[in-house]
Protein chains: 2
Amino acid sequence: MLNYIPNGSKSVPVNLELLTERLKVLAEPKRLLIFNLLMEGVQCNCELGDSLQMPPNLISHHLSKLRAVGLVDVERDAVDSRWVYYSVNRAALDELNAAFGAFFDPNRIQPRRPNCGPQSLICP
Amino acid sequence: MLNYIPNGSKSVPVNLELLTERLKVLAEPKRLLIFNLLMEGVQCNCELGDSLQMPPNLISHHLSKLRAVGLVDVERDAVDSRWVYYSVNRAALDELNAAFGAFFDPNRIQPRRPNCGPQSLICP
DNA sequence: AATATAGTTCAACATACGTTGAATTATATT
DNA sequence: AATATAATTCAACGTATGTTGAACTATATT
């Protein structure tokens, strides 16, 4: 019902859709650099643009993708609302680490159980 | 020399190029499903195609991308070399987990140190 | 020798996506 | 009121990439 993979889906330990979605957003060189700066606490658009030598509209674009998957939060400055501050969403980061760790856990690796090939008698 | 990011690069704890490269390969729904089956020990092309209901040439294509970044190994059957068996490269998986864990470590999150905005006196 | 099988490679297509420059919004300053 | 500033949105472009069907390679079987 969740998906129609005959064999594989039964033991998938995580929400694969969410994991793929977030990995896709992170798997981009400049976005990963932006995220890295956010991990260090740097936050406003202009700072990111200066540090990474990227135009502000590109920063905006990449940040909107990071926001779309919940990895980054936004807050406007209380004194001068022209400034917006970006930060890593801690809960999403924890979720990401948990999902990634569960999926890529080396202990999940199983030895080959041949259902096919000349050393098997099941498959044609 | 390594790269020309003025501020951000100094404390990046991992090889960002390799991490991005591998995440890019994994951040694709069907490839993640293939990799999931390989974690479970299923290995030959035909099995993957049957389980995921995908044509063998597509399986080949995705597996070649997983191989290209070292995450998957290939071995031909000793008895009948028409069959090829795919497996997760344990060393690469460990590397991936180490890099991911180091980069997305929640302890890396720092509070904002304003270099910009109205609450700062440095930046215009 | 001829046929079948497992898998790969190739060419072509459609779509997704990062990048760019200009226009736009919203707030603050003069 | 007019100008400046921080950021976003929009339209357009070029490239990258997943998908498909057919051709091809290599090995095994009859």
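Here is how names work: the chains are called A, B, and so on, in the same order as the sequence lines, proteins then strands, and each is numbered from 1. A quick note: this is a predicted structure, and the numbers were derived from the prediction, not measured.
- The pair A/Glu47-B/Arg112 meets the salt-bridge criterion, with a side-chain N (NZ, NE, NH1 or NH2) lying under 4.0 Å from an Asp/Glu carboxylate O.
- Computed from coordinates, the B/Lys30 NZ to D/dT17 P distance equals 17 Å when rounded to whole Å.
- The distance from atom OH of B/Tyr85 to atom C1' of C/dG7 is 13 Å, rounded to the nearest whole Å.
- Atom CG in B/Leu52 sits about 15 Å away from atom C1' in D/dG18, given to the nearest Å.
- Residue A/Lys24 has no polar side-chain atom (N or O) positioned under 4.0 Å from OP1 or OP2 of C/dA16.
- In this structure, B/Asn45 places its CG atom 15 Å from C1' of D/dA26, rounding to the nearest Å.
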Could you run down the sub-3.5 Å N/O contacts of the protein with nucleotides 11-13 of chain C?
none

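- Taking the side chain of A/Trp83 as heavy atoms from C-beta on, and the options D/dG18, D/dA6, C/dC17, the nearest nucleotide is D/dA6.
- Following rounding to the nearest Å, A/Leu58 (CG) and D/dA7 (P) show an atom-to-atom distance of 15 Å.
- Side-chain atoms of B/Arg108 come within 3.5 Å of backbone N or O of B/Phe103 as a donor-acceptor pair.
- B/Phe35 is linked by a ring-ring contact (aromatic ring centres under 6.0 Å, His included) to A/Phe104, counting only residues two or more places apart in sequence or in another chain.
- Two residues are said to be in side-chain contact when any heavy atoms from C-beta on lie closer than 4.5 Å; A/Leu19 and A/Leu96 meet this criterion.
- Looking at heavy-atom distances under 4.0 Å, A/Arg31 makes contact with sugar-phosphate atoms alone, never a base.
- Within a 6.0 Å radius of CD in B/Gln110, more than 12 heavy atoms belonging to other residues, nucleotides or ligands are found.
- With rounding to whole Å, B/Asp77 atom CG is found 17 Å from C/dT5 atom P.
- Side-chain contact between A/Phe100 and B/Asn97 is present, with at least one heavy-atom pair separated by less than 4.5 Å.
- Of the side-chain N and O atoms in A/His61, none sit less than 4.0 angstrom from OP1 or OP2 of C/dT20.
- The interatomic distance linking A/Ile34 (CD1) with C/dG18 (P) rounds to 11 Å, in whole Å.
- To the nearest angstrom, C1' of C/dT25 lies 15 Å from CG of A/Asn57.
- At a threshold of 4.5 Å between non-hydrogen side-chain atoms, the residues B/Leu38 and B/Leu71 do not count as touching.
- A salt bridge is absent between B/Glu28 and B/Lys65; no separation between the charged side-chain nitrogens and carboxylate oxygens falls under 4.0 Å.
- Using a 4.0 Å cut-off between a side-chain N of Lys or Arg and a carboxylate O of Asp or Glu, A/Glu95 and A/Arg22 qualify as a salt bridge.
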Could you run down the sub-3.5 Å N/O contacts of the protein with nucleotides 11-15 of chain D?
none

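- Residues passing the side-chain hydrogen bond (donor to acceptor under 3.5 Å, both in side chains) test with A/Asp73 are A/Asn89, sequence neighbours excluded.
- B/Arg31 pairs by the salt bridge (charged side-chain N to carboxylate O under 4.0 Å, His left out) definition with nothing, not counting sequence neighbours.
- Contact of the A/Leu37 side chain with the A/Leu33 side chain is not registered, since no non-hydrogen atoms from C-beta on lie closer than 4.5 Å.
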I'd like a list of close polar pairs between nucleotides 28-30 of chain C and the protein, N/O only, cut-off under 3.5 Å.
residue, atom, partner, partner atom, Å
C/dA28, OP1, A/Val79, O, 3.3
C/dA28, O4', A/Arg82, NE, 3.4

